[in-house]
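Here is how names work: the chains are called A, B, and so on, in the same order as the sequence lines, proteins then strands, and each is numbered from 1.
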Amino acid sequence: MQTDQIRDNLLDFLVRNFVVERQDIDLDKSLVDEGVIDSLGLIEISAHLEKTHAITIEPSDMSRQNFGSVTRIVEFVARKLAKTAS
Amino acid sequence: MTAPLQHRGPDAWGTYLAPEVAFGQTRLSIVDLSAGHQPMATERSVIVFNGEIYNHIELRAELEAKGVSFTTHCDTEVLLRLFETEGTAGFSKLNGQFVFLIWDRKTKTLTAVRDRYGVRPLFVLHHQGRTYFSSEMKSFDGLPDFARRYAPECVLEHATLWNTLGGRTVYQGIRCVEAGCFEVFRPGTESQRGRYYEIGQELGRIDVPKTIEDASQHFTGLLQDAVDLRLRSDVPVGAYLSGGIDSSVIAHLTKKNKKENFRTFSVGFEDSAFDESHFQRLVSDQIGSPLESIRITNESIEENFMEAIYHTERPIFRTAPIPLYLLAKRVRECGFRVVLTGEGADEILYGYDSFKELRILEQWKREGAATSAPDLLKQLYPHLRHFSDPKYFGMMQVYYEGFLEDFDNELCGLNIRVSNNKIIANYLNRDLGVEFDKGALLERLRAVLPADFSQWSLLQRNSYLEIRTLLDGYLLSSQGDRMSLGHGIEGRYPFLDHRVVEAAFSYPDDFKLKGFSQKHVLREAFRGKVPNEILDRPKHPYNAPDLKAFFRNGVLTERARHFLSEKVVSDYGLFDTKMVARFLRKFEGKIPDQVGYRDNMIMIFMLSAQIAQFWARSPKTIYLDPALKRVSLCDY
């Protein structure tokens with residue numbers, strides 16, 4: 001899956017579930033810090049990513065490095081998928 | 001203006017008219033039932049007073065020793081005579097919950113005063129060259145050419161902090177006299193404000209107990225005295241039992257000295273997730289008091305929401321006030337007019353999670369993420385599954401890490417609340433031009449903080465903020481005063497006796513939060529007196545069904561659908577119609593088992609904000625019963 005598809009899918013999920021306008025989401029800022037989601041939101045996103053992309057998110061994956069922004073989440077999922085494919 | 005306050009004082013009413021001033025008062029008779037009618041006058045002054053002065057007997061004796069004589073046994077007269085004798089300097093002697101207006105007939109001076117923590121409300125409106133005061137804002141609705149209109153920037157501030165700062169309210173032109181303050185008005189001049197009390201003012205003046213054992217004894221003595229003072233009443237006194245430690249302690253101390261005609265009251269829920277009946281019964285059985293309980297369902301929340309918002313007058317964030325509104329009704333039906341409750345303990349004894357969060361963040365920042373500090377997050381919410389699940393622990397770490405940079409700014413623990421609640425800004429009508437601006441919020445906050453705020457510990461600062469925001473703006477008002485007096489019931493709060501508050505404030509942080517043991521001194525003091533099952537149970541915040549109460553079989557209830565419809569949202573103009581519709585679509589037909597804090601908050605905030613606007617636009621017409629008029633004074 002291309003990164004832009006992963007991004008679009010994630011943004012659709014955010015817009016649908018967190019009632020936020022797509023243009024209000026800064027792709028490079030933390031969704032938590034920007035108030036788009038709360039702590040429960042991180043869990044919902046994690047569950048959505050696992051279900052949509054058939055990946056397993058390990059406890060060690062949970063970090064700002066991987067979940068610190070939409071861009072980082074997309075890159076993280078792309079890395080996971082590439083690893084699974086190889 | 002007086003008639004809309006009838007529910008606060010259903011027993012009698014009276015008026016005073018003079019060329020410069022007019023008073024109206026509705027009375028809830030509690031002390032000196034036959035002689036305490038208001039407005040009350042002496043040759044020199046006239047007073048209207050709402051509340052109680054608990055130490056009126058001691059103050060009376062002090063004044064009598066100075067040669068002052070009295071004609072009633074009522075605390076109202078004590079207030080009058082104290083002011084006539086000592087002026088504004090006498091306010092700091094008052095132990096109670098009160099607001100009053102005193103008119104000096106000779107100097108033509110009006111003095112308005114409010115209690116230390118804002119238990120009783122006092123709103124002020126300047127309109128068409130006149131100044132109006134009232135215990136509730138709905139009194140202003142009948143004034144010519146006046147209508148309550150939201151101040152959108154204040155609505156957002158209220159949404160983020162659960163209160164507005166600096167005496168502002170969510171309505172344009174209406175402010176309140178701030179807690180611990182008095183204001184003096186003279187015709188033709190600007191009013192002058194004075195402060196007779198600020199939280200923490202006794203720091204350095206109180207002898208702080210050295211050990212937790214000494215502190216337990218010290219605190220128990222003060223709290224018992226605070227309870228005893230609050231049992232002074234000429235009508236039966238009861239107590240609320242929530243099932244938590246605070247109300248259990250108060251009920252225990254009440255029963256100790258109140259053997260006769262004492263009853264406890266509690267709220268039970270049909271939904272077991274909210275129900276604490278088992279713990280309430282445990283305490284009532286132990287102290288041997290009859291327990292009167294009401295049972296709350298989703299339906300009863302929904303059916304009474306509208307009437308409760310008539311009383312709160314402003315948006316709320318949870319439905320938790322509604323069961324207390326219904327409980328007050330039951331208390332009145334049982335022949336009681338006064339109840340003691342446990343409010344204030346969480347703020348003064350570090351009972352909220354915000355205190356634990358700050359302690360973790362402080363350690364985390366000091367020691368770094370590579371240490372065990374982040375692991376402490378697991379202990380934050382033991383009752384929430386996802387906090388103990390290792391899979392999701394990292395997510396919590398990501399969440400809290402975002403606060404490491406600014407948790408020790410002036411907002412302290414409120415940084416997290418503000419971060420969660422600022423989402424409300426996205427739901428406001430964009431045409432209003434209101435945006436969340438944390439820098440501006442911090443500036444406004446800095447302007448109202450006490451001078452020595454920065455010298456306090458982080459947890460003391462948080463305690464101050466919780467008292468001035470959540471307690472004042474929500475728990476004592478929307479969930480407290482407005483709900484109980486909606487049915488003519490007076491709530492009394494021993495933990496908010498200023499001697500208790502100042503003692504607790506002066507104790508070392510570890511006496512209040514030892515590790516993660518909250519209200520440590522209280523637990524130590526009452527071990528062996530209150531059941532261990534109560535003392536040792538994890539904190540269970542008092543909540544009621546929120547969003548779910550407004551859906552039936554996945555469909556929005558009729559009332560909620562009306563107030564959140566595109567037409568009404570558009571007519572009222574506060575919210576963005578598209579955002580409201582999208583929010584509701586998220587839940588239509590598919591309400592998840594677990595609704596998060598934020599979605600519950602958004603739903604209740606929007607619905608209550610709409611209904612509060614409805615009441616501001618459609619005031620009720622209420623008439624006072626002429627047969628209950630007891631005072632008719634005139635200086636014309």
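With a 6.0 Å radius and a threshold of 12 heavy atoms from other residues, nucleotides or ligands, B/Glu367 has its CD atom above the threshold. Around atom CD of B/Glu405, no more than 12 heavy atoms belonging to other residues, nucleotides or ligands sit under 6.0 Å away. Remark: B/Lys567 NZ is loosely packed, at most 12 non-hydrogen atoms of other residues, nucleotides or ligands lying under 6.0 Å away.
Residue A/Asp24 comes nearest to B/Arg430 through the heavy atom pair OD2-NH2, 3.1 Å, listed as atom of the first residue, atom of the second, then distance. Across A/Val32 and B/Ser419, no two heavy atoms sit closer than the pair O-OG, 3.9 Å.
Contact annotation for B/Glu401: both backbone and side-chain heavy atoms come within less than 4.5 Å of a heavy atom of chain A. Using a 4.5 Å cut-off between heavy atoms, A/Ser30 does not touch chain B at all. Looking at B/Phe403, there are no atoms closer than 4.5 Å to chain A (heavy atoms on both sides), in backbone or side chain. Contacts of A/Asn66 with chain B are absent, with no heavy-atom separation under 4.5 Å from either backbone or side chain.
Interface check for chain A: of the options B/Met579, B/Lys586, B/Arg598, B/Arg582, the most heavy-atom pairs under 4.5 Å are formed by B/Arg598.
Interface residues of residues 15-23 of chain A toward chain B, defined by a heavy-atom distance below 4.5 Å and sorted by number: A/Val15, A/Arg16, A/Asn17, A/Phe18, A/Val19, A/Val20, A/Glu21.
Taking CE from B/Met396 and CG from A/Leu42, the interatomic distance works out to 6.0 Å, rounded to the nearest 0.5 Å.
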